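A short worksheet on the structure shown next.
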Amino acid sequence: MSNCCKINGCNNESNILAVIFDLDGTLLDTERVTRGLLNEFLGKYGKEVNKEREEKKRLGMTQKESAALIVKDYQLSLTPDQFIQEINPLYIQRWRDAKALPGANRIIKHFVKNGVPMALASNSLREYIYAKILYHKGWTESFSVILGNDQVKFGKPAPDLFEEAAKRMGVNAMNCLVFEDSLVGVKAAHAAKMKIVAVPSRGESDCCKLANVTHNSLLEFQPELWGLPPFDDWVDNTLPIEPIHLSGLYVTGSLLETKENVAFGIPDQVVGIYFGWAKVDTDTNFKTLVSISLDLSSVSYKKANVWFIDANTDIKSEQQMQICLVGYIRAWDNKKLGSVEMEKLEEYKSIAKASLDLPSFSSF
């Protein structure tokens, strides 16, 4: 855990009484399932996505704001409303395949279990929020308040959404903790004078400047640092997680992405020390420890180092590999594996080996 908690006001005297979540990119991986959809749509009008322009994401914008920019940028013979009417059914169809981001189900269940009031506050229309969470068991009932930008005067970065969420929960804004992934959302929470946990999506690192604490994923969140009930699901220094599947080309200790599978097919928020099972061309599964870190010099901006736990494992280089991560050990600390970390490597391998023999992990 970063010590920015102490610097920016994260402590057990914060008196947090309720939490407010953004949806897209914070709890739900909608971006990946809709990736490429805009290019497909533009193709019907003889246009092609400008990758350089699209890298400057419209994260946190309202749909109308985003639509107006797209129509203008690509000189479409449509009004923003016509664009929305044509593309929305395509988005709705894909939203059903959007998966919960790492730690999302865990944190929702934890707060429900401990009676912590929760709200969803998204820059999407309220009907779209329900369309996105419909396929996630228990989500709709878990939030006492669900707000879209059509229910307030101004969407993010104005504070209206967060202020209204707090009001409906009957909690003072200063006693709310907000989870956000975008700069637009963090600005809104900051304007509402709320505490902020940033879990930035790619290209949104600027939101860290206004947040009280920044995590690479929700798995890093420690409720007790905010005076909230701690998690009780760790098993002998490891955390069972919902399976995360990644694949790529295994080359001398690293997993490399392919053109068809940039960033190994995993969300931005999969960062840290994990363990699980690896499989190559054979039917044999190998116990493995995996370190996934950010690598801003690469196209995928992710680097995955792979270590096989059993001493007799002999895997030839340059083979396609599939990995199923089933456990989490700790966060990535923004450091390369130096001499001190290398000493810990054997400890991590030992922890992973013991855990993979437990029913909680071996069933995968």
Side-chain angles (χ1 to χ4, degrees), residues 18-35 37 57-66 88 91-112 116-152 154-166 168-169 176-189 192 194 196-204 207 211 215 217-219 221 242 267-269:
V19 295
I20 305 174
F21 288 96
D22 171 56
L23 180 60
D24 300 296
T26 301
L27 293 177
L28 204 55
D29 190 13
T30 46
E31 194 276 332
R32 282 203 310 142
V33 295
T34 57
R35 189 177 294 162
L37 181 55
K57 294 286 186 183
R58 303 180 178 90
L59 287 175
M61 285 188 180
T62 67
Q63 187 179 38
K64 284 192 175 182
E65 290 169 340
S66 179
N88 268 359
Y91 276 109
I92 291 171
Q93 184 177 7
R94 294 201 184 182
W95 286 338
R96 69 185 62 184
D97 296 323
K99 298 190 182 303
L101 285 164
N105 279 314
R106 176 192 186 220
I107 200 170
I108 290 172
K109 290 176 182 177
H110 178 72
F111 286 144
V112 168
V116 179
M118 291 187 293
L120 261 183
S122 169
N123 251 4
S124 294
L125 299 180
R126 189 169 187 264
E127 66 173 296
Y128 297 156
I129 296 173
Y130 278 97
K132 293 171 184 176
I133 67 176
L134 176 65
Y135 301 96
H136 296 270
K137 186 177 180 181
W139 281 28
T140 303
E141 311 89 81
S142 296
F143 297 96
S144 57
V145 174
I146 297 178
L147 279 177
N149 66 5
D150 53 327
Q151 295 175 275
V152 294
F154 299 108
K156 305 170 188 178
D160 301 34
L161 271 167
F162 292 129
E163 291 174 342
E164 182 64 20
R168 294 194 185 193
M169 288 191 290
C176 291
L177 180 64
V178 173
F179 292 81
E180 266 285 356
D181 75 304
S182 71
L183 179 59
V184 167
V186 167
K187 284 182 175 179
M194 296 180 176
I196 308 163
V197 175
V199 190
S201 294
R202 184 176 184 179
E204 292 292 307
C207 69
H215 295 316
S217 87
L218 292 174
L219 294 174
F221 179 67
E242 296 174 12
D268 293 343
Q269 293 81 353

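Throughout, residue positions are numbered sequentially from 1 according to the sequence presented. These figures come from a predicted structure and were not determined experimentally.
Shown here for Gly185 and Lys156, the closest heavy-atom pair between the two residues is CA-CD, 3.8 Å. In terms of heavy atoms, Arg96 sits closest to Gln93 at CG-O, 3.1 Å. When all heavy atoms of Pro267 and Pro102 are compared, the pair lying nearest together is CG-CD, 4.5 Å. Of all the heavy atoms in Glu163 and Met194, the pair that sits closest is N-CE, 4.1 Å. When all heavy atoms are compared, the tightest approach of Leu219 to Gly103 is CD2-CA, 3.7 Å. Heavy atoms only, all atoms of each residue included: Asp22 and Leu120 are closest at O-CD2, 4.0 Å.
A salt bridge links Asp29 with Arg32: the distance from a Lys NZ or Arg NE/NH1/NH2 to an Asp or Glu carboxylate oxygen falls below 4.0 Å. Ion pairing between a basic and an acidic side chain is recognised when a charged N comes within 4.0 Å of a carboxylate O; Glu242 and Lys99 show no such pairing.
The side-chain heavy atoms of Gln269 and Val199, taken from C-beta on, include a pair separated by under 4.5 Å. You'll find the side chain of Tyr135 stays beyond 4.5 Å of the side chain of Asp97, heavy atoms only. Phe111 places a side-chain heavy atom less than 4.5 Å from the side chain of Phe21.
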Before you tell me yes or no, could you show the steps for Val178 and Val19 under side chain to side chain contact (heavy atoms under 4.5 Å, CB included), namely the whole-Å CA-CA distance, both residues' side-chain angles and the distance that decides it to 0.1 Å? CA-CA 6 Å; Val178 173; Val19 295; over 6 Å; no

Are Lys109 and Ser142 close enough, and set up right, to give a side chain to side chain contact (heavy atoms under 4.5 Å, CB included), and what steps lead you there? CA-CA 8 Å; Lys109 290 176 182 177; Ser142 296; over 6 Å; no

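The closest donor-acceptor contact from the side chain of Ser144 to the backbone of Met118 lies under 3.5 Å. Of the possible donor and acceptor atoms, one in the side chain of Asn149 sits under 3.5 Å from a partner among the backbone N and O of Asn123. Under the 3.5 Å distance criterion, the side-chain polar atoms of His136 are matched with a main-chain donor or acceptor of Ala98. Using a distance-only test at 3.5 Å, with no hydrogens or angles considered, no donor-acceptor pair links the side chain of Glu164 to the main chain of Leu161. Between the side chain of Thr26 and the main chain of Leu23, no donor-acceptor pair closer than 3.5 Å is present.
Between the side chains of Lys132 and Thr30, not a single donor N or O lies within less than 3.5 Å of an accepting N or O.
Rounding to the nearest 0.5 Å gives a distance of 9.0 Å between CG of Leu28 and CD1 of Ile133. In this structure, CG in Asp181 is found 7.5 Å from SG in Cys207, a value given to the nearest 0.5 Å. The CG atom of Leu147 sits 7.5 Å away from atom CZ of Arg126, with the distance rounded to the nearest 0.5 Å. To the nearest 0.5 Å, atom CD1 of residue Ile196 and atom CD of residue Glu180 are 8.5 Å apart. Atoms CD1 and OG, from Ile129 and Ser122 in turn, are 4.0 Å apart once rounded to the nearest 0.5 Å. Taken to the nearest 0.5 Å, the CG atom of Asn88 stands 8.0 Å off from the CG atom of Leu125.
Remark: aromatic rings of Tyr128 and Trp95 are close, center separation under 6.0 Å. Aromatic pair Phe179/Phe221: centroids less than 6.0 angstrom apart.
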